[in-house]
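Written below as structure tokens is the structure these notes are about.
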There are 2 protein chains.
Amino acid sequence: MIDFDKIDKIIHEKGRLSIMTLLASRGSWNFQDMKDQLKMSDGNLITHLRSLQNAGYLNKKKELKGRKVTNYFLTSSGKKEFNKYLKILEQIVNQKEK
Amino acid sequence: MIDFDKIDKIIHEKGRLSIMTLLASRGSWNFQDMKDQLKMSDGNLITHLRSLQNAGYLNKKKELKGRKVTNYFLTSSGKKEFNKYLKILEQIVNQKEK
DNA sequence: ATTAAAACTTTGTAATACAAAGTAAATTAA
DNA sequence: TTAATTTACTTTGTATTACAAAGTTTTAAT
């Protein structure tokens, strides 16, 4: 049986799931690009980024070339937990075949 | 790009996702068996079942043999929407490979 | 008649997603 | 040099909702 209790609530929420998926697909994303890509409001995006950072799943680095830009990237813990999460998704997707 | 907006919020919530996955794995489940399997409280389970029923994703049938038992099963709309949802999960799971 | 079980309802709390508007610091345009 | 703009926030407020606990109703065993 799939253990639904193990679904990480922080990752599972729609907004944060999209952030985690973006960050997993590419090394790093800056605030503006994520905002455009995900069409979230500033306040909502930054709040989700903060929850993920508080969970230790991502970090940021300010880039000083030209305009101020903040880059976000997954920590190794973030990658690990996201992979765990993906394994549960896989089980859900594949369960019919069993 | 994965369209996260298309994630059905009714299905996506942890509790309801587990219900939908159960029902998709087998024709029907009664209230007690779901409760045991998912370890939810009566109130929580029935509330989620009601939301899913209000969305038209499942239905129930009272069984009259012996003790009263209520069986729950997916509607065709429920199956369809769940399959749509699974396709997005697949995209998330597979995106790294692209 | 009493007990017990199934399937609810009600009530209350705590969490949280989200938008909108405001702020501060840095950068560019005038 | 001053004004306008942009980035990355914070603050505030609303509305939704997950969840547990306890109570209710109906039916069926004993």
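Each chain gets a letter, A, B and so on, in the order its sequence line appears, and its residues count up from 1. Please read all numbers here as calculations on a predicted model, not as lab measurements.
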It should be established whether [X] places a side-chain nitrogen or oxygen under 4.0 Å from OP1 or OP2 of nucleotide [N].
X     : N      : result
A:R67 : D:dA8  : no
B:Q32 : C:dA5  : no
A:H48 : C:dT16 : no
B:Y72 : C:dA6  : no
B:K9  : C:dC18 : yes

Checking [X] side chain against [Y] main chain: does a donor-acceptor pair fall under 3.5 Å?
X     : Y     : answer
B:D33 : B:W29 : no
B:R16 : B:I11 : no
B:N44 : B:M40 : no
A:H12 : B:H12 : yes

### Message
If I compare all heavy atoms of B:T21 with all of A:I92, which pair ends up nearest, and what's the gap?
### Response
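Taking every non-hydrogen atom into account, OG1-CG2, 3.9 Å.
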### Query
Considering all heavy atoms of both residues, which atom of A:D42 and which atom of A:F31 are nearest to each other, and what is their separation?
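Scanning both residues, the minimum pair turns out to be O-CZ, 4.0 Å.
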### Task
Scan residues 10-17 of chain A against DNA chain D and write down, sorted by residue number, each residue with any heavy atom closer than 4.0 Å; if none is found, say none.
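Those residues whose heavy atoms fall under 4.0 Å from DNA chain D, taken from residues 10-17 of chain A, amount to none.
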Using a 4.0 Å heavy-atom cut-off, does [X] contact any base of the nucleic acid, only the sugar-phosphate backbone, or nothing at all?
X     : answer
A:K60 : sugar-phosphate
B:T70 : sugar-phosphate
A:N30 : nothing

Grab the [atom1]-[atom2] distance between [X] and [N] for me, whole Å please.
X     : N      : atom1 : atom2 : answer
B:Q53 : C:dA7  : CD    : P     : 14 Å
A:K35 : C:dA20 : NZ    : P     : 12 Å
A:M40 : D:dA8  : CE    : C1'   : 16 Å
B:W29 : C:dA7  : CH2   : P     : 14 Å
B:F31 : D:dT27 : CZ    : P     : 17 Å
B:K68 : C:dC8  : NZ    : P     : 7 Å
B:R50 : D:dC19 : CZ    : P     : 15 Å
A:D42 : D:dT10 : CG    : C1'   : 11 Å

### Task
Could you check which of D:dA8, C:dA7, D:dT5 has an atom nearest any side-chain atom of A:K62?
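Of D:dA8, C:dA7, D:dT5, D:dA8 is nearest to the side chain of A:K62.
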### Message
Side chain of A:N44, heavy atoms from C-beta onward: which of C:dC18, D:dT10, D:dA20 has the nearest atom to it?
### Response
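The answer is C:dC18.
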Just list the side-chain donor-acceptor pairs under 3.5 Å for residues 55-63 of chain A, sequence neighbours left out, or say none.
| from | atom 1 | to | atom 2 | distance (Å) |
| --- | --- | --- | --- | --- |
| A:Y57 | OH | A:D8 | OD2 | 2.6 |
| A:N59 | OD1 | A:Q53 | NE2 | 3.4 |
| A:E63 | OE1 | A:N71 | ND2 | 2.6 |

### Query
Is a salt bridge present between B:E90 and B:K87, judged by a nitrogen-to-oxygen distance below 4.0 Å?
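No, no charged N to carboxylate O under 4.0 Å.
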### Task
Would you kindly compare B:S51 and B:G43 by the position of their nearest DNA chain D nucleotide and give the one closer to the 5′ end?
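The residue whose closest nucleotide sits nearer the 5' end is B:S51.
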